[in-house]
Amino acid sequence: MSDIAQEAWRKYLIQLQAHPLRTKAITAGVLAGCSDLIAQKISGVRRLQLRRLLLIMLYGFAYSGPFGHFLHKLMDAIFRGKKGSKTVAKKVLLEQLTSSPWNNFFFMMYYGLVVEGRPSGLVRSKVRKDYPTVQLTAWKFWPIVGWINYQYMPQQFRVLFHSFVVSCWAIFLNLKARSIAIKAA
């Protein structure tokens with residue numbers, strides 16, 4: 001690793017230790033912005049939609065990062081002192097039955113109402129139609145991510161790892177929401 005990258009990583013770790021919530025929120029916002037840039041490019045947007053980018057970054061900063069921070073603190077409290085494969089499986093199952101459905105629903109509503117500025121009736125209709133597909137797809141993908149996260153990631157890196165994978169997942173959700181909006185137009 002280059003000296004610059006090593007120094008940046010060292011400073012990041014210092015911030016993560018000193019200010020975990022703030023650091024995770026900023027990280028989630030930056031990663032959400034990166035994922036939206038990629039999604040815009042892939043979906044064929046000719047001119048960068050800055051408003052959309054900033055609103056997606058706001059979602060990562062104000063919601064996704066803090067939610068992940070507190071979710072992992074809650075999981076640690078619920079399963080305090082318990083380790084092993086059975087505990088990891090219970091954490092993954094709990095996460096998939098609670099936060100996964102909520103996060104996908106919330107993102108789809110946020111994207112339609114705030115990012116796209118669509119009327120609530122249209123957004124509800126779109127979510128009603130597409131949410132089952134999104135959630136079923138999530139249940140095929142996220143349990144593996146959850147298992148890796150709980151089994152192999154040290155606690156302080158779980159939100160970072162999760163935020164990175166969320167940025168990839170958000171590309172999928174952005175493209176799904178975008179394709180639906182284009183079809184409706």
Exercise. Do F157 and F161 have their ring centres less than 6.0 Å from each other?
Worked result: no

For this session: Give, for atom CD of E116 and atom CG of L55, the distance between the pair rounded to the nearest 0.5 Å.
Result: 11.0 Å

Exercise. How far apart are the closest heavy atoms of G60 and P66, and which atoms are they?
Worked result: O-CD, 4.0 Å

Exercise. Are more than 12 heavy atoms from other residues, nucleotides or ligands located less than 6.0 Å from atom CZ of F141?
Worked result: yes

Exercise. Does F105 CZ have over 12 foreign heavy atoms under 6.0 Å away?
Worked result: no

Got a list of side-chain donor-acceptor pairs under 3.5 Å for residues 70-88, not counting sequence neighbours?
{"residue": "D76", "atom": "OD1", "partner": "R158", "partner atom": "NH1", "Å": "3.2"}
{"residue": "D76", "atom": "OD2", "partner": "Q155", "partner atom": "NE2", "Å": "3.3"}
{"residue": "T87", "atom": "OG1", "partner": "K83", "partner atom": "O", "Å": "3.2"}

Exercise. Looking at CE of M57 and OG of S35, how far apart are the two atoms once the value is rounded to the nearest 0.5 Å?
Worked result: 10.0 Å

Exercise. For the atom pair CD1 (I56) and OG (S64), what is the distance rounded to the nearest 0.5 Å?
Worked result: 10.5 Å

Problem set entry | Contact check, side chains of R22 and I26, non-hydrogen atoms, under 4.5 Å | yes

For this session: For Y131 and P101, indicate whether the former's side chain and the latter's backbone hold a donor-acceptor pair under 3.5 Å.
Result: yes

Exercise. Minimum heavy-atom separation for L53 to D36, with atom names?
Worked result: CA-OD2, 3.4 Å

Exercise. Is Q156 reaching over with its side chain to a backbone N or O of Q17, donor-acceptor style, under 3.5 angstrom?
Worked result: no

Exercise. Does a sphere of radius 6.0 Å around CD1 in I4 hold more than 12 heavy atoms from other residues, nucleotides or ligands, not counting ones at 6.0 Å or beyond?
Worked result: no

Exercise. Given side chains that start at C-beta, do those of Y111 and R118 come closer than 4.5 Å, heavy atoms only?
Worked result: no

For this session: Indicate the atoms forming the closest heavy-atom contact of A89 with W147, along with that distance.
Result: N-CZ3, 3.5 Å

For this session: Report yes or no: does N149 contribute a side-chain atom to a donor-acceptor pair with the main-chain N or O of V145 at less than 3.5 Å?
Result: no

For this session: Using a 4.5 Å cut-off on heavy atoms from C-beta on, say whether the side chain of V123 contacts that of M108.
Result: no

Exercise. Distance-only, no hydrogens or angles: does the S163 side chain make a donor-acceptor pair with backbone N or O of L160 under 3.5 Å?
Worked result: no

For this session: Rounded to the nearest 0.5 Å, what's the gap from OH on Y63 to CZ on F107? Could you check?
Result: 11.5 Å

Exercise. From L21 CG over to L16 CG, what is the distance, rounded to the nearest 0.5 angstrom?
Worked result: 11.0 Å

Problem set entry | Contact check, side chains of W142 and V166, non-hydrogen atoms, under 4.5 Å | yes

Problem set entry | Flag side-chain contact, heavy atom, 4.5 Å: V127 against M109 | yes

For this session: Measure the CG-CZ distance between L58 and R51 for me, rounded to the nearest 0.5 Å.
Result: 11.0 Å

Problem set entry | Heavy-atom check, side chain of F67 versus side chain of W102, under 4.5 Å | yes

Exercise. Backbone N or O of Q15 within a donor-acceptor pair of the T23 side chain at under 3.5 Å?
Worked result: yes

For this session: Decide if atom CD1 of I14 counts as having more than 12 heavy atoms of other residues, nucleotides or ligands within a radius under 6.0 Å.
Result: yes

